Amino acid sequence: MVDFKNEERLNTLNHSCAHVMAQAVKHLYPDAKFWVGPVVTEGFYYDIDLGDVAVNDEIIDNIEKEMKKVCKEGKKIYRREISKAEALELFAGDEYKLDLIEGLEDGNISVYDQGDFTDLCRGPHVDNTKLCKNFKLIKYSGVYWKGDANNHVMQRIYGVCFPTPEELEEHLRLLQEAKDRDHRKIGKEMQLFMTDDLIGRGLPMFLPKGYTVWQELEDYIKAKERKLNYLHVMTPCVGTVNLYKTSGHWDHYKDNMFPAMEVEGESFVLRPMNCPHHMMIYANRMHSYKDLPIRIGEIAHDFRFEASGTLKGIERGRHFCQNDAHLFVTPEQIESEFAQVVDLIFDVYKDFNITDYRCVLSLRDPADKVKYHDDDEMWNKAEDALRRTLNNLGIEYTEEIGEAAFYGPKLDVNVKPAVGNEYTLSTCQLDFCLPAKFNLSYVDRDGEKKTPVVLHRAILGSLDRFMAYILEETKGNLPLWLAPVQTKILPVKNEDEELIAYANELKSILEDNDIRVELDDRAEKLGYRIREAQLQKAPYILVLGKNEVADRTVTYRLHGQQATTTVSLEDFVEKLNDEIRTKAVTTK
């Protein structure tokens, strides 16, 4: 029997279920051919050639029904080894299996038999098909054979299998939770952003409501930075190739850039990062040690040619806006400035109630002389400075070799989202390298020219990714100050002139208080309008009837709740202003 507490054995179960699916497909489509069916993080998949048949929900249902029959039969699963010549003969006429066999070394090849189905496979597998009964096919898509767009499209069907029905049910619940939290789904429902292949993959466009959220985030972080004496700038989205050759990014990062554009004998690229521009701003004039630290900040538009398979809404795109800044400091200021950045990160996390994160000190791999700037003394000094500061601050962290930027070590703050794998949200990188490459200097107290040190830091990371994170954490139920529509006014009857007049007066009063408000006086039933307002996740829904008009009151319900509260118009405005001013995390 299989020990299902062991992850390797669980993978065996999923791989066996892939064969059960293939057997079921073969029963329904005798001419079907199969390429590979590996175990993956989310279970298993199989790439299938169904001729002109394109998989749909009905076909998936039929395959699942047939899989249940295969499992119920409980056929034993047998392994046998055959020669390469025998394998070529066994799978003659199947170009996919022949392709795989030709790529194998000479010698015995294993195949697995289960009832009327035989498949080429290294294994291992469970004892019989009955053990695969707790399964579910979860998604499907068209894929090019071998991932080559020049090849024809196959049907890829994903599934998952667990030892018990309870484990399967819990997994499916988590999948639904992930679907409900997916920022792409929420963004569409709330009309926040859109993508279109005619614009280009990975190039999201923010709609009016989404741009409202974006601007609130921009204003929020800029206000924090201004209090810390950051100087905000605006720089172009392109730069010359020579700029990135000077910085070293061309050698280390060009594969992630959009191709160079030739204009009037000069090569330009869309910028993937902003540090070279900020280096040039610093170099624009002479500096004294008395000027430092100089903190240059920008909400900067950047472009990176991410692989199409990694693109995900506004979480990972080819265009994004970084909450970027570069701090030019003396060596003596490194630890205090780094500590201030760390304080800012955690101050922001407190405002957004971000508690599930871990700190990573990302270091170079000393043996990798290609990826990293080759200066052992510089690296040792930089890594020791960050390590010492983190220890002095009492911050728990782990160290990861080979995760540093090419020019210096960094602190990464990785968040664990409600669904999915962790990723880096905030970062602070120490850099002795770029200031030297750009010949940056300041005049020290002894009158000599010295080279400043640079801290690269991003608190929100990119505004795009941060917005995606917050949408998924809150399921789109944004705090009042950040919500694109903060209040929704719903008159009970749209034909009552006195009621509509009061609704418009209330709308004007809220607008005069800079509260984002929408009036829905359409000729639709009240229940329909309430449900739509809930879908758009307006924090406050105001339902106005004759009593509210007579008493000049407001009756509101909070998003997702049925209970209503009636207060005076003045008290309601004060309540909203106070909640927005304090940036309360949750409505009360």
Side-chain angles (χ1 to χ4, degrees), residues 217 220-230 292-297 322-366 372 376-405 407-418 421-433 452-462 465-466 469-470 473 582-586:
L217 289 173
Y220 163 83
I221 195 61
K222 278 187 172 180
K224 292 268 190 189
E225 292 171 347
R226 279 193 290 268
K227 288 181 179 179
L228 297 172
N229 297 316
Y230 281 71
L292 276 55
I294 295 174
R295 307 178 185 97
I296 297 176
Q322 286 198 76
N323 164 220
D324 208 6
H326 295 90
L327 285 52
F328 298 83
V329 305
T330 67
E332 296 78 17
Q333 295 167 337
I334 290 174
E335 294 188 27
S336 61
E337 287 298 305
F338 181 71
Q340 186 185 82
V341 170
V342 172
D343 286 343
L344 178 57
I345 290 172
F346 295 142
D347 184 41
V348 169
Y349 284 17
K350 183 179 179 181
D351 286 346
F352 286 92
N353 198 29
I354 299 172
T355 57
D356 196 355
Y357 59 84
R358 69 184 184 97
C359 296
V360 178
L361 180 57
S362 297
L363 309 173
R364 68 159 175 166
D365 179 355
Y372 298 109
D376 290 342
E377 181 181 358
M378 179 276 286
W379 278 100
N380 291 335
K381 182 166 61 172
E383 291 176 353
D384 287 344
L386 293 193
R387 189 181 289 112
R388 184 167 54 250
T389 306
L390 290 173
N391 290 336
N392 290 340
L393 291 172
I395 293 175
E396 293 185 7
Y397 63 94
T398 58
E399 297 188 2
E400 294 188 3
I401 305 295
E403 294 300 320
Y407 49 73
K410 58 178 177 170
L411 169 69
D412 288 329
V413 184
N414 295 349
V415 295
K416 179 64 174 74
N421 300 321
E422 74 169 26
Y423 54 78
T424 299
L425 203 61
S426 308
T427 186
C428 184
Q429 306 169 5
L430 183 56
D431 180 8
F432 290 84
C433 177
V453 182
V454 169
L455 291 174
H456 307 242
R457 49 106 293 192
I459 307 301
L460 301 185
S462 76
R465 172 173 284 191
F466 191 84
Y469 171 77
I470 294 299
E473 288 296 290
T582 60
K583 290 183 167 52
V585 174
T586 56

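A quick note: this is a predicted structure, and the numbers were derived from the prediction, not measured. Index from 1, following the sequence.
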Would you please test Leu430 and Leu455 for side-chain contact (heavy atoms from CB on, under 4.5 Å) and show each step? CA-CA 5 Å; Leu430 183 56; Leu455 291 174; 3.4 Å; yes
So, Phe466 versus Tyr220, ring centres under 6.0 angstrom or not? no
Just wondering, more than 12 heavy atoms not from Lys416 lying within 6.0 Å of its NZ? yes
Heavy-atom side-chain contact between Lys222 and Asn323 under 4.5 Å: no
Does any non-hydrogen side-chain atom of Asp324 lie less than 4.5 Å from one of Ile296? no
With side chains defined as the heavy atoms from C-beta onward, is the minimum distance between Ile354 and Leu425 less than 4.5 Å? yes
Does Arg465 use its side chain to pair, donor to acceptor, with the backbone of Gln322 at less than 3.5 Å? no
Here's a test for you: under side chain to side chain contact (heavy atoms under 4.5 Å, CB included), which of Leu390, Asn392, Leu386 qualifies with Arg388? Asn392
Ser426 and Tyr357 side chains, donor-acceptor separation under 3.5 Å: no
Hey, are the side chains of Tyr230 and Leu327 touching, using non-hydrogen atoms and a 4.5 Å cut-off? yes
Can you confirm whether Asn391 is buried at CG, in the sense that more than 12 heavy atoms of other residues, nucleotides or ligands lie under 6.0 Å from that atom? yes
Can you find a pair of side-chain heavy atoms, one from Val415 and one from Tyr423, that are under 4.5 Å apart? yes
Quick one: does Glu337's side chain get under 4.5 Å of Arg295's, heavy atoms only? yes
Report yes or no: does Thr330 contribute a side-chain atom to a donor-acceptor pair with the main-chain N or O of Pro293 at less than 3.5 Å? no
Between Asn353 and Glu473, do the side chains contain a donor N or O and an acceptor N or O under 3.5 Å apart? no
Would you check, one step at a time, whether the test side-chain contact (heavy atoms from CB on, under 4.5 Å) holds for Tyr397 with Arg387? CA-CA 9 Å; Tyr397 63 94; Arg387 189 181 289 112; 3.0 Å; yes
Salt-bridge contact Asp347-Lys350 (side-chain N to carboxylate O under 4.0 Å): no
Test side-chain contact (heavy atoms from CB on, under 4.5 Å) applied to Ile459 and Lys224, step by step: CA-CA 11 Å; Ile459 307 301; Lys224 292 268 190 189; over 6 Å; no
Report the C-alpha separation of Glu422 and Arg358 in whole Å, then their side-chain angles, then the decisive distance to 0.1 Å, and conclude whether the side-chain contact (heavy atoms from CB on, under 4.5 Å) test is met. CA-CA 9 Å; Glu422 74 169 26; Arg358 69 184 184 97; 2.7 Å; yes
Heavy atoms of Leu292 and Phe328 approach each other most closely as CG-O, 3.5 Å
Going by the side chain to side chain donor-acceptor pair (under 3.5 Å) test, name the single residue among Asp412, Thr398, Thr427, Thr424 that passes it with Ser362. Asp412
